[in-house]
Amino acid sequence: MHNLGVDRVVIAGVSTHACIAQTTRDAYANNVRAVIVADAIGDERPEHRQMVLDQLVEDRQAELVPLE
C-alpha cells in the first residue's frame, strides 16, 4: 500500500469483531490510518460490536465516522 501512496483506508463491512478489527489492526501495524464508517458495519454478534469499536478507538487504531 505504501508503494501506491496509500496512507488512509476507509473500512465498512461485516463481522466487526473479526474482519473489521483485524483489518484495522493490520493498517495500524503498517502505519496506515484507518477510518471506520460506523453506520456501514455490522456483526452477527451485536453484543461485541460496540466493545470492539470502543477498544479500537481507545487504542488509537481507528477513527469512527458517520456515513455522511
Side-chain angles (χ1 to χ4, degrees):
M1 292 181 71
H2 288 289
N3 291 342
L4 298 173
V6 174
D7 63 355
R8 179 179 294 217
V9 293
V10 177
I11 300 171
V14 295
S15 197
T16 306
H17 72 281
C19 299
I20 291 172
Q22 189 58 50
T23 302
T24 301
R25 290 182 180 118
D26 286 346
Y28 181 80
N30 287 286
N31 204 27
V32 175
R33 296 191 59 172
V35 176
I36 299 173
V37 183
D39 38 344
I41 60 173
D43 202 306
E44 63 274 7
R45 298 172 71 181
E47 67 277 9
H48 291 149
R49 180 183 182 275
Q50 194 59 50
M51 179 183 64
V52 170
L53 293 175
D54 290 345
Q55 183 181 27
L56 292 169
V57 170
E58 287 174 16
D59 291 345
R60 299 177 190 226
Q61 294 180 357
E63 172 186 358
L64 292 181
V65 297
L67 184 58
E68 295 174 5

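Starting from 1, each residue takes its place in the sequence as its number.
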Passing option when His48 is tested against Gln50, Glu44, Arg45 for side-chain contact (heavy atoms from CB on, under 4.5 Å):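 Considering Gln50, Glu44, Arg45, a side-chain contact (heavy atoms from CB on, under 4.5 Å) with His48 is found only for Arg45.
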Measure the [atom1]-[atom2] distance between [X] and [Y] for me, rounded to the nearest 0.5 Å.
X     : Y     : atom1 : atom2 : answer
Gln55 : His17 : CD    : NE2   : 13.0 Å
Ile11 : Thr23 : CD1   : OG1   : 5.5 Å
Asp54 : Arg49 : CG    : CZ    : 10.0 Å

For a quick test of reading the model, state the closest non-hydrogen atom pair linking [X] to [Y] and the distance between them.
X     : Y     : result
Ala21 : Leu56 : CA-CD1, 4.1 Å
Ala34 : Thr24 : CB-CG2, 3.9 Å
Val32 : Arg8  : CG1-N, 3.8 Å
Tyr28 : Arg60 : CE1-O, 3.5 Å
Val65 : Asp39 : O-OD1, 4.1 Å

Derivation of the side chain to side chain contact (heavy atoms under 4.5 Å, CB included) call for Ile36 and Ile41: CA-CA 8 Å; Ile36 299 173; Ile41 60 173; 4.0 Å; yes
hydrophobic_cluster_shared for Val52 and Leu64, side chain cutoff 4.5 Å: yes
Salt bridge (Lys or Arg N to Asp or Glu O under 4.0 Å) against Glu63, all qualifying residues, sequence neighbours excluded: Arg33
Side chain Ser15, main chain Asp43, donor-acceptor under 3.5 Å: no
